[in-house]
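All of these numbers come straight from a predicted model, not from anything done at the bench. Chain letters run A, B, ... following the sequence lines, proteins first and then strands; every chain starts at 1.
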Amino acid sequence: MKAVMRPRIDLLAVFAGLYLVFLYGPVLLLPLFSFNDSIFVSFPLKGFTLKWYSQMIENAALRAAFANSVKVGISVSVISTILGTLAAKAVTRYNLPYRGAIVGFIMLPLLMPSIILGIALLILVINVLNIEPSLYTIAAGHVLICVPFSMLVMISRLEGFDKSFEEASLDLGASAWSTFWRITFPLALPGIVASLLLCFTTSFDEFLLAFFLAGNQATLPLVIFSQLRLPSQLPSVLALGSCILMASFIIVLFSERARRRGVP
Amino acid sequence: MVTASDRVGAKVSQPASWRRVKAWLHRHASARGYFLLSPTLLIVIGLMVAPLVTMIGLSFATQRYLAIDYSFSLKNYWAIFEPAAKPAYYLGIPFYLHKPIYVILLLKSILISLVATVVVVLISYPMAYFLAFRVKKHKLTWIILITVPFWTSYLLRVFAWKIILGYNGVINSGLLSLGLVDQPIEVLLYNTPAVIITLAHAWTAVALLPIYVSLEKIDRSLLEVASDLGATGFQRFVDVTLPLSLPGIIAAGLLVFIPTVGDYITPTLVGGTNGIMIGNVVQSLFTKGSNAPLAAAVSIVVIAAITILVCLFLWGIGPDRLRRQKA
């Protein structure tokens, strides 16, 4: 059978290669041009420089925005992971009626166009609750889109190990509390780590909800967006973008590895 | 949470009512499940349902200069659908509307998303197929390699296309320095095809996983049977593999189509005036036009249009067929 399919294998492999180039090529241009000694993003390359990176580090607005993004990202990832884990435990361990509908409902924010979610949230915040938009409102928006991711990660993690571990522990006389800390939590831990990391990078990278829900303190993607209009700032945006891509890449790599640890 | 209070309950005496609640939770496993679910459900209700309900409410209000008149009115919907005697044409279709921009841009956004979705599925399917059937070693590495871009900044992925397609961008300057053209090609950026290419690139990672999962789930013995019965590779693909992976294709299509109709970043960065979409209109009504009620009404119309289209699509496929695929 293998001999017959030889020509198709090659064609598909070629496609797979092209696909990877298509997937990564555009994104890799950012780091490429961030080291280019020219204010214009165009060929031919002029020479190697690190000045866009030093310009980036010296930019106080960027540093403030970075701190804001980290603050929001950490709170969002912790809150979303707690909520996602609770929900995942509920749907995997209990035989719930309407399970599918509930999971679908929690996933719904991922399907909604972000612009509509953002505007709807802003209307609620301003017109009804009379709250000034701030980093808190950004975080609230991000929790909404991070909870579904966290729940998905935790469902696949909790489904991966058998309920009988917990039952055995309870049967052997452990209390529910110590069963949780000594059985459930350690087994779920890789999933929790993965969820924390994924939620952090989702929040850290999110632009559109933050765009609507921001007060006078900006997060990093907002600063990037505002600087895209200024051609003189473009190279330092490239440098910043490269750093963010690199950070996301490493975070996701760790999270994917954590998530699959110990799963058969 | 229940587990925590169980232990405490054994030591400290509690009010009778709380004990009764606990006893009830203990007896009813599904109630315990819902108890665990309740914080998450409350958050989703508070942060999604409440805002949407507010938005529906606001869409019936009216903007009067700086203030909003909250008395009930259908004025915003009338502004979107008000008929006119003279039609405006888009793609040769006459729109007998007083202000056709909303409906035309909605239609245009839907068409752009539809084309982008088809492109996404067409490029993602062979890759998913390769991943499911050809990759034997280092499968995990491949999957991670494909999923990583999904988690990286959408803004930056779209921005990358702006520097590729720009007037002095990567393609133009590359062609110039290679001597293939004398002057930059102007048609690359700020049009609909640029939006479609960018969307396809940004969303393919979303589509890949559902298709891959549906291909991976296919019972390999079915494929062997088809081959043993004399089906050629192509026949086997069309008659066995493709129908069995249909649920994955449908899921992928919906996951890409629904959010991209309202996309804002891509048309803003690479669309220009030519590639504008309904999301841009909603945004500018909301901020520059400072007419939040009308923006709310347009948003509701967008959600309604998407919902109707998705329902029609699922109904057209037929729930029976979907169920049969699953079984």
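- Using a 4.5 Å cut-off between heavy atoms, B:V53 does not touch chain A at all.
- Looking at A:L20, the atoms closer than 4.5 Å to chain B (heavy atoms on both sides) all sit in the side chain, from C-beta outward.
- Looking only at heavy-atom pairs under 4.5 Å with chain B, the residue among A:P97, A:S248, A:P148, A:G141 that has the most is A:P97.
- Between B:T268 atom OG1 and A:F211 atom CZ the span is 8.0 Å, to the nearest 0.5 Å.
- For chain A, the option among B:I144, B:I56, B:V302 with the highest count of heavy-atom pairs below 4.5 Å is B:I144.
- With A:T201 contributing its side chain and B:W151 its backbone, the two residues share a donor-acceptor pair below 3.5 Å.
- Heavy atoms of A:F105 lying under 4.5 Å from chain B belong to its backbone as well as its side chain.
- Heavy atoms of other residues, nucleotides or ligands lying less than 6.0 angstrom from OH of A:Y98 number 12 at most.
- Residue B:I143 touches chain A through its side chain alone, counting heavy-atom pairs closer than 4.5 Å.
- A donor-acceptor pair is defined here as one N or O able to donate and one able to accept, closer than 3.5 Å; such a pair exists between the side chain of B:T40 and the backbone of A:L83.
- For B:T260, no part lies near chain A; criterion is any non-hydrogen pair under 4.5 Å.
- The distance from atom CG of A:L23 to atom CZ of B:R157, rounded to the nearest 0.5 Å, is 8.5 Å.
- Contacts between B:L155 and chain A at a heavy-atom distance below 4.5 Å involve the side chain alone, from C-beta outward.
- Only the side chain of B:L140 comes within less than 4.5 Å of a heavy atom in chain A; its backbone stays farther off.
- A distance of 4.0 Å separates CG in A:L122 from CZ in B:F286, rounded to the nearest 0.5 Å.
- Heavy atoms closer than 4.5 Å to chain B are found nowhere in A:L28, neither backbone nor side chain.
- In this structure, chain B has no heavy atom under 4.5 Å from any part of A:S114.
- The contact between A:F207 and chain B is made entirely by side chain atoms (from C-beta outward), counting heavy-atom distances below 4.5 Å.
- Only the side chain of B:F150 comes within contact range of chain A, with at least one heavy atom under 4.5 Å from a heavy atom of that chain.
- Of all heavy-atom pairs between A:P113 and B:G262, the closest is CB-CA, 3.9 Å.
- Shown here for B:A205 and A:Y19, the closest heavy-atom pair between the two residues is N-OH, 4.4 Å.
- Minimum heavy-atom separation, A:L12 to B:P126: CD2-O, 3.5 Å.
- Residue A:F254 qualifies as open at atom CZ: its count of foreign heavy atoms under 6.0 Å is 12 or below.
- Looking at A:F15, only its side chain comes within 4.5 Å of chain B, counting heavy atoms on both sides.
- Contact of B:L269 with chain A is made through the side chain alone, with heavy-atom distances under 4.5 Å.
- Per-residue counts of heavy-atom pairs under 4.5 Å with chain B were compared for A:L29, A:V27, A:I82, A:I119; the largest is that of A:I119.
- Ranked by non-hydrogen atom pairs under 4.5 Å with chain B, the options A:S255, A:A87, A:P221 are led by A:A87.
- Between chain B and the residues A:I102, A:V128, A:I251, A:L238, the largest count of heavy-atom pairs under 4.5 Å involves A:I102.
- Heavy atoms closer than 4.5 Å to chain A are found nowhere in B:V261, neither backbone nor side chain.
- Across all non-hydrogen atoms, the minimal contact from B:A296 to A:I123 is CB-CD1, 4.3 Å.
- Interface summary for chain B: among A:L253, A:L18, A:N127, the most heavy-atom pairs under 4.5 angstrom belong to A:N127.
- Across A:G25, A:A88, A:A16, the residue that shares the most heavy-atom pairs under 4.5 angstrom with chain B is A:A16.
- The two residues B:L254 and A:L111 make their nearest non-hydrogen contact at O-CD2, 4.0 Å.
- For A:L108, the parts lying near chain B are the backbone and the side chain together; criterion is any non-hydrogen pair under 4.5 Å.
- Listed here is the closest heavy atom pair of A:P26 and B:W161: CG-CZ2, 3.7 Å.
- Using a 4.5 Å cut-off between heavy atoms, B:L255 contacts chain A through both its backbone and its side chain.
- With a 4.5 angstrom heavy-atom cutoff, B:L208 touches chain A only via side-chain atoms.
- Contacts of A:V125 with chain B are absent, with no heavy-atom separation under 4.5 Å from either backbone or side chain.
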